[in-house]
Novice: 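Take a look at the following structure, please.
As a basis for the values below, the full set of heavy atoms in this structure was taken, side chains included, without hydrogen atoms, waters or symmetry mates.
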Amino acid sequence: MKKRGQASADFSHLSPALRAAAALPDSERVMRIRADRWIGYPRATAALQRLEALLNWPRKQRMPNLLISGPTNNGKSVVIEKFCRMHRAVGGDADRESVPIVAVQMPSDPSISRFYAMLLAALGAPLRPRSRTPELEHQALALLRAVGTRLLIIDELHNILAGPTRLQLEFLNLIRFLGNELKIPIVGVGTKEAYLAIRSDSQLENRFEPVALPVWQDGEDLRSLLSSFAASYPLRRPSVLGTENIARYLLARSEGTIGELAQLLRAAAIAAIETGTEAITAQTLTLAHYESPSQRRQAFERELA
């Protein structure tokens with residue numbers, strides 16, 4: 001006997017790795033849908049390839065840098081997390097850990113000492129109470145060299161602009177200093193404001209290659225992305241998302257960012273299981289528990305009125 005919403009037992013519309021998951025109970029499939037997933041669309045794949053090239057760049061006096069910029073919730077941090085997972089820290093010589101990539105987030109209220117403290121925390125180093133900035137700097141540089149770090153990633157780089165002009169200049173000088181002192185590539189990640197911050201320093205602007213992850217537009221890349229999403233959910237019927245009407249609807253409702261698009265499709269996939277439809281359709285998209293950024297903003301503003 002076929003299960004509710006089950007068209008066939010082979011689930012040939014899914015990748016082989018997902019076919020067994022489609023036969024799981026509803027609750028387990030919902031949990032899988034809610035889990036994070038990597039969708040390797042062309043711009044993200046190109047960014048990963050560029051990061052890989054930087055990681056293996058031969059050491060020289062002036063190392064190349066990269067700036068990955070784009071709107072909030074458009075996949076920048078997902079690319080970085082994927083890259084870091086590909087190069088996890090491993091045991092090195094004499095039981096010393098090797099940490100080829102160190103990723104740190106720029107503090108929301110930036111200061112040089114707090115940045116160094118967060119860098120040491122990312123390395124798992126104990127913080128000495130009441131350490132001064134020169135001591136934190138010395139400890140961080142020594143540890144980065146000791147663990148063989150070959151690439152430093154600074155996420156939320158636009159937070160530099162949260163500080164006064166004097167502090168912004170200090171951070172730009174700090175980025176230049178770290179690159180010169182360690183002779184490793186530095187990758188900045190942030191919104192358009194991160195690019196504006198780097199551009200304000202002509203020396204840094206020349207060192208950072210910009211890589212943009214813009215909002216999505218209708219076209220073949222979007223249709224390919226939607227097909228990848230459709231094949232990544234353990235639903236028992238095929239979801240047809242590449243039609244012109246559906247693609248434009250998804251683009252408009254998600255407001256063009258991949259994070260919002262993923263959230264909408266995730267909610268629609270769960271609605272497909274709960275209703276027995278077993279496919280993402282116009283109906284399940286309507287039933288999806290999802291509000292766009294504009295709708296959330298408007299609802300919040302109504303609450304404040």
Novice: Identify every side-chain donor-acceptor pair in residues 57-70 under 3.5 Å, counting partners at least two apart or on other chains, and give the distances.
Specialist:
residue: R59; atom: NE; partner: K183; partner atom: O; Å: 3.2
residue: N65; atom: OD1; partner: I186; partner atom: N; Å: 2.8

Novice: Using modelled atom types only, decide if a donor and an acceptor are shared between the side chain of H158 and the backbone of T191 within a distance under 3.5 Å.
Specialist: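 Pair found, side chain donor or acceptor close to backbone of T191.
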
Novice: Any non-hydrogen side-chain atom of I175 less than 4.5 Å from a side-chain atom of I160?
Specialist: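 Yes; the side chains approach each other to less than 4.5 Å.
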
Novice: Considering only heavy atoms from C-beta outward, does the side chain of F115 approach that of F171 to under 4.5 Å?
Specialist: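 Answer yes - side chains close enough.
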
Novice: Hey, are Q295 and Y290 close enough side-chain-wise for a donor-acceptor pair under 3.5 Å?
Specialist: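 No - no donor-acceptor pair under 3.5 Å links their side chains.
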
Novice: Please confirm whether the backbone N or O of A197 pairs with a side-chain atom of S200, one donor and one acceptor, at under 3.5 Å?
Specialist: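 Checking the backbone N and O of A197 against the side chain of S200, a donor-acceptor pair under 3.5 Å is found.
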
Novice: Look at the side-chain heavy atoms of Ile, Leu, Val, Met, Phe, Trp and Tyr, link any pair under 4.5 Å apart, and say whether L161 and I154 land in one connected group.
Specialist: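 No, because L161 and I154 fall into different hydrophobic clusters, even though each may have its own neighbours under 4.5 Å.
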
Novice: Is L172 reachable from M118 through a run of I, L, V, M, F, W or Y residues, each pair having side-chain heavy atoms under 4.5 Å apart?
Specialist: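 Both belong to a single hydrophobic cluster.
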
Novice: I'd like to know whether CG of D36 has more than 12 heavy-atom contacts from other residues, nucleotides or ligands below 6.0 angstrom.
Specialist: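 At most 12 heavy atoms, drawn from other residues, nucleotides or ligands, come within 6.0 Å of this atom.
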
Novice: Quick one: do E170 and R166 make a salt bridge, cutoff under 4.0 Å?
Specialist: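 Result for this pair is yes, salt bridge flagged.
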
Novice: Within the structure provided, determine whether V78 and I39 are in side-chain contact (heavy-atom separation under 4.5 Å).
Specialist: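 No, side chains not in contact.
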
Novice: Should S294 and S292 be marked as a side chain to side chain donor-acceptor pair (under 3.5 Å) after you check the CA-CA gap, both sets of side-chain angles, and the distance that decides it?
Specialist: CA-CA 5 Å; S294 295; S292 69; 4.8 Å; no

Novice: Could you check whether E28 pairs with R32 (Lys NZ or Arg NE/NH1/NH2 to Asp/Glu carboxylate O, under 4.0 Å)?
Specialist: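 R32 and E28: not salt-bridged.
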
Novice: So, do L48 and V79 sit near enough that their side-chain heavy atoms are less than 4.5 Å apart?
Specialist: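 L48 vs V79: side chains touch.
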
Novice: Taking the side chain as every heavy atom from C-beta outward, state whether L178 and L152 have any atom pair closer than 4.5 Å.
Specialist: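 They are in side-chain contact.
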
Novice: How close do N73 and E260 get, heavy atom to heavy atom, and via which atoms?
Specialist: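 For N73 versus E260, the nearest heavy atoms are ND2-OE2, 3.3 Å.
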
Novice: Are D155 and I80 close enough, and set up right, to give a side-chain contact (heavy atoms from CB on, under 4.5 Å), and what steps lead you there?
Specialist: CA-CA 9 Å; D155 201 358; I80 295 305; 5.6 Å; no

Novice: Might you point out which heavy atoms bring T243 and R223 nearest each other, and give the distance in Å?
Specialist: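 Closest approach of T243 to R223, heavy atoms only: C-NH1, 4.4 Å.
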
Novice: Looking at OH of Y195 and CD1 of I198, how far apart are the two atoms once the value is rounded to the nearest 0.5 Å?
Specialist: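 The CD1 atom of I198 is 10.5 Å from OH of Y195, to the nearest 0.5 Å.
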
Novice: Could you state the interatomic distance from CG (L235) to CD1 (I270), rounded to the nearest 0.5 Å?
Specialist: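 One gets 10.0 Å once the value is rounded to the nearest 0.5 Å.
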
Novice: Please check if the side chain of T149 supplies one atom and the backbone of V99 the other of a donor-acceptor pair under 3.5 Å.
Specialist: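 Checking the backbone N and O of V99 against the side chain of T149, a donor-acceptor pair under 3.5 Å is found.
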
Novice: Going through the distances and angles, do I246 and I280 end up as a side-chain contact (heavy atoms from CB on, under 4.5 Å)?
Specialist: CA-CA 10 Å; I246 290 291; I280 299 175; over 6 Å; no

Novice: Check whether any side-chain N or O of R150 sits under 3.5 Å from a backbone N or O of L55 as a donor-acceptor pair, and report yes or no.
Specialist: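 Looks like yes, one N/O pair under 3.5 Å.
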
Novice: Would you say I112 and L174 make side-chain contact, with heavy atoms under 4.5 Å?
Specialist: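 A side-chain contact exists here, since the closest heavy-atom pair is under 4.5 Å.
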
Novice: Kindly compute the distance separating CZ (R236) from OG1 (T277), expressed to the nearest 0.5 Å.
Specialist: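 Result: 12.5 Å between the selected atoms.
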
Novice: For R248 versus D218, what's the shortest heavy-atom pair and its separation?
Specialist: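 The answer is NE-OD2, 3.2 Å.
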
Novice: Got a sec: does the CE of M86 have more than 12 other heavy atoms crowding it under 6.0 Å?
Specialist: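 Yes - once you tally the heavy atoms of other residues, nucleotides and ligands closer than 6.0 Å, there are more than 12.
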
Novice: Is the shortest side-chain N to carboxylate O distance from E135 to R130 below 4.0 Å?
Specialist: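 No, E135 and R130 are not salt-bridged.
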
Novice: Over 60° means perpendicular and under 30° means parallel, so tell me whether Y233 and F229 are parallel, tilted or perpendicular.
Specialist: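 Parallel: the ring planes of Y233 and F229 meet at under 30°.
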
Novice: Taking CZ in R296 as the centre, count heavy atoms belonging to other residues, nucleotides or ligands within less than 6.0 Å. Is the count above 12?
Specialist: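 Result for CZ/R296: enclosed.
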
Novice: Do any N or O atoms from the side chain of R37 and from the backbone of A35 form a donor-acceptor pair under 3.5 angstrom?
Specialist: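 Yes: the side chain of R37 pairs with the backbone of A35.
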
Novice: Looking at T72 and T257, what are the two nearest heavy atoms and their distance?
Specialist: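 Answer, listing the atom of T72 first, then T257: O-CG2, 3.9 Å.
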
Novice: Is a donor from one side chain sitting under 3.5 angstrom from an acceptor on the other, for Q283 and T281?
Specialist: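 No pair is found: no donor N or O on one side chain lies under 3.5 Å from an acceptor on the other.
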
Novice: OG1 of T286 to CZ of R253: how many Å apart, nearest 0.5 Å?
Specialist: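 So the gap between those two atoms works out to 7.0 Å.
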
Novice: Any salt bridge linking R145 with E181? Criterion: basic side-chain nitrogen under 4.0 Å from a carboxylate oxygen.
Specialist: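 Yes, this pair counts.
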
Novice: Can L222 be reached from V240 by stepping across I, L, V, M, F, W or Y side chains whose heavy atoms are under 4.5 Å apart?
Specialist: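 Unlinked, V240 and L222 end up in two clusters.
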
Novice: Are Y41 and I258 packed together at the side-chain level, in the sense that at least one heavy-atom pair is separated by less than 4.5 angstrom?
Specialist: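 Yes - at least one pair of side-chain heavy atoms lies under 4.5 Å apart.
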
Novice: In the structure I gave you, are the side-chain heavy atoms of L226 and L265 within less than 4.5 Å of one another anywhere?
Specialist: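 Yes, at least one pair of side-chain atoms sits under 4.5 Å.
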
Novice: How long is the straight-line distance from CG of L151 back to CG of N56, given to the nearest 0.5 Å?
Specialist: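 It comes to 10.0 Å.
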
Novice: Minimum heavy-atom separation for C84 to I153, with atom names?
Specialist: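 Scanning both residues completely, I find the closest heavy atoms to be SG-CD1, 4.2 Å.
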
Novice: Indicate the atoms forming the closest heavy-atom contact of R29 with A22, along with that distance.
Specialist: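 What the structure gives for the nearest pair is CD-O, 3.6 Å.
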
